[in-house]
Protein chains: 2
Amino acid sequence: MGTTQVDSLPEPKYWHLRTVLTEALDSEFTVGEILPNERDLAARFGVARATLRQALEQLELEGRLQRRRGVGTTVAPPRMGVAVGTSRHTWPGTPDDAWDPADCVLETPPASVAGALGVHPGDAVYTVRRSRVTDGQPVAAEQLYILPSSVPGLSDVDAPSGPARARAVLRELQRLELERQESDVELGSARAEHAKALDRLPGAPVLVVTTRYRADGRTTALSVATYRADTCRLTFGDLGGVEIHHQAHPQAS
Amino acid sequence: MGTTQVDSLPEPKYWHLRTVLTEALDSEFTVGEILPNERDLAARFGVARATLRQALEQLELEGRLQRRRGVGTTVAPPRMGVAVGTSRHTWPGTPDDAWDPADCVLETPPASVAGALGVHPGDAVYTVRRSRVTDGQPVAAEQLYILPSSVPGLSDVDAPSGPARARAVLRELQRLELERQESDVELGSARAEHAKALDRLPGAPVLVVTTRYRADGRTTALSVATYRADTCRLTFGDLGGVEIHHQAHPQAS
DNA sequence: CAGTGGTCTAGACCACGCC
DNA sequence: GCGTGGTCTAGACCACTGG
């Protein structure tokens, strides 16, 4: 007796909502279209706003939605394929790469970086900061740590810092025959500094790519690049030609 | 006048909490140690439980914490380095790889997979499901799609499905000279099926690695591997020796 | 200024693991 | 059963964007 409930589903509401919204996005919306606001959507589905937001968070994590405070929620385009592989474009110092040098200073790196470069903790290394922009929006911020002994010819450079010095260091680096060692990828969350550069809020999910470069038989440079996880699909591999391309949505997982 | 507030900080509480807890984890806790429960922690910091949970979610995302329903929150070990590069170990069919074949069926793949393999949507391909276990815990689930025409010698295999057939298909595959083409990595969320295999809840963050393999001048196999993002650090590169190793915590982002 | 998403609260109940 | 984390609610206020 009582209420005839067909429920008994252990599936959370927010997860079911995610599924419903995913199908709606696939069939009834076009890229760039703006969704109804969160309060209206929550009311329409008969859930609390917090529950709806849990579903939206999932979809944003999967790169299906883009939310901007003060503006609204829009349907995101398919993720960009960003080459981070052995393509020559990603080598530090290549003149035609996609990176925009911002600054270069001589400072003491984090302990983990010092360890990887084989210097004492507290020793200063060159630190080049660069950003990568694709299709008009920032996709990555990088810190490139360079062993000072590898780029001795810097005394003739006037600028003590700034983009000019960064370019000078990269030019020096280019003279070396850099050999890519290995990269690893892990999930992280953007801290304040990077969040601003990537036009996201603190805590936004990022893919952190760490790459070691070798020259003269030793690790000479270390790159720590932070990519927006919501908009980027990192591409490793030996293809020479294509650097950036779009693709239809694969299954979410 | 009135209350002398030094605040005026635009930093959210949960973010500040994350920072405080990160430092506490670094200095006052050891791996495996269990934290006080969420209600106590929230009370101790003077915030609502939801706010505390937002901070814990961040830390779990960064691989610093592990939370299990019914058990508690523990300090996670550093992420495992998992080789997904050109190491021979990860090639499909290598006998000494880290993968455990679970099943193999002939079924129609998702549209995106059909496109990559160059078959008509609706055509069936061999689908091998495998799981990867490291240090006693599951780290990845893979679906390996194989062009049927590439492995014709399967008529003498009795088993219509199951691990036995999966191994048979992989043996056949091994006969081909598979050439790794390229891999890409993107953030996803675990759907029910994978969530169970990875011992996580639905929606858990995963790193999806898609790899194309080539033989006889055409794409012959496609691997879609789903790694736990909280416990894994994916390693690409040409190193031959080390396959799995641990490392100290680098900076979160 | 109005409207949006972002943060936060103080509750309640549920699902799970363990004893 | 009991304690844990997971889900959900119905509100409030804040921070930002845009007209």
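Residue numbers start from 1 in every chain, and the chains themselves are labelled A, B, ... in the order their sequence lines are given, proteins ahead of strands. All values below come from the heavy atoms of this structure, side chains included, with hydrogens, waters and symmetry mates left out.
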What is the distance, to the nearest angstrom, from the CD atom on Glu60(B) to the C1' atom on dT4(D)?
14 Å
Round to the nearest Å and state the distance from His16(B) atom NE2 to dC14(D) atom P.
20 Å
Rounding to an integer number of Å, can you tell me how far Leu56(A) CG sits from dT7(C) P?
14 Å
Starting at atom CZ of Arg68(B), determine the distance to atom C1' of dC16(C), rounded to an integer number of angstrom.
12 Å
Does the pair Arg132(B)/Glu142(B) count as a salt bridge with the N-to-O cut at 4.0 Å?
no
Give a yes or no on whether the backbone of Val105(A) and the side-chain of Arg165(A) come within a donor-acceptor separation of less than 3.5 Å.
no
Residue mapping more 5' on DNA chain C - nearest nucleotide basis, Gly70(B) or Arg200(A)
Arg200(A)
Kindly assign one of parallel, tilted or perpendicular to the pair Trp99(B) and Tyr227(B), based on the angle between their ring planes and the thresholds 30° and 60°.
perpendicular
Scan residues 32-43 of chain B against DNA chain D and write down, sorted by residue number, each residue with any heavy atom closer than 4.0 Å; if none is found, say none.
Asn37(B), Glu38(B), Arg39(B)
Among Glu62(B), Gln58(B), Gln54(B), side chain to side chain donor-acceptor pair (under 3.5 Å) partner for Arg18(B)
Glu62(B)
Applying side-chain hydrogen bond (donor to acceptor under 3.5 Å, both in side chains), can you list everything that pairs with Glu107(B), at least two apart in sequence or on another chain?
Arg129(B)
With a 4.5 Å limit on heavy-atom distance, are the side chains of Val82(B) and Thr235(B) in contact?
no
Just the rounded figure in Å: distance from C1' of dG6(D) to CD of Glu11(A).
15 Å
Output yes when at least one side-chain N/O atom of Tyr14(B) is less than 4.0 Å from OP1 or OP2 of dC8(C), else no.
no
Contacts of Glu38(B) meeting side-chain hydrogen bond (donor to acceptor under 3.5 Å, both in side chains) (sequence neighbours excluded), chain-then-number -> Arg49(B), Arg53(B), Arg67(B)
Starting from P on dA15(D), measure out to NZ on Lys13(B) and report it in whole angstrom.
13 Å
Sequence neighbours left out, what passes side-chain hydrogen bond (donor to acceptor under 3.5 Å, both in side chains) with Ser27(A)? Give chain and number order.
none
Does a side-chain N or O from Arg67(B) land closer than 4.0 Å to OP1 or OP2 of dG6(D), or not?
yes
How long is the line joining CZ of Arg69(B) and C1' of dT7(D), in whole Å?
9 Å
Could you pull out all residues at least two apart from Arg200(A) that satisfy side-chain hydrogen bond (donor to acceptor under 3.5 Å, both in side chains)?
Glu60(A), Asp230(A)
Quick one: label Leu201(B) by what it contacts on the DNA or RNA (base, sugar-phosphate, nothing), any heavy atom closer than 4.0 Å.
sugar-phosphate
Are OP1 or OP2 of dT4(C) and a side-chain N or O of Thr73(A) less than 4.0 angstrom apart?
no
Take the protein atom NZ of Lys196(B) and the nucleotide atom P of dC16(C), then report the distance between them rounded to whole Å.
13 Å
Please list residues of residues 45-54 of chain A whose heavy atoms come under 4.0 Å from any atom in DNA chain C, ordered by number; otherwise none.
Arg49(A), Arg53(A)
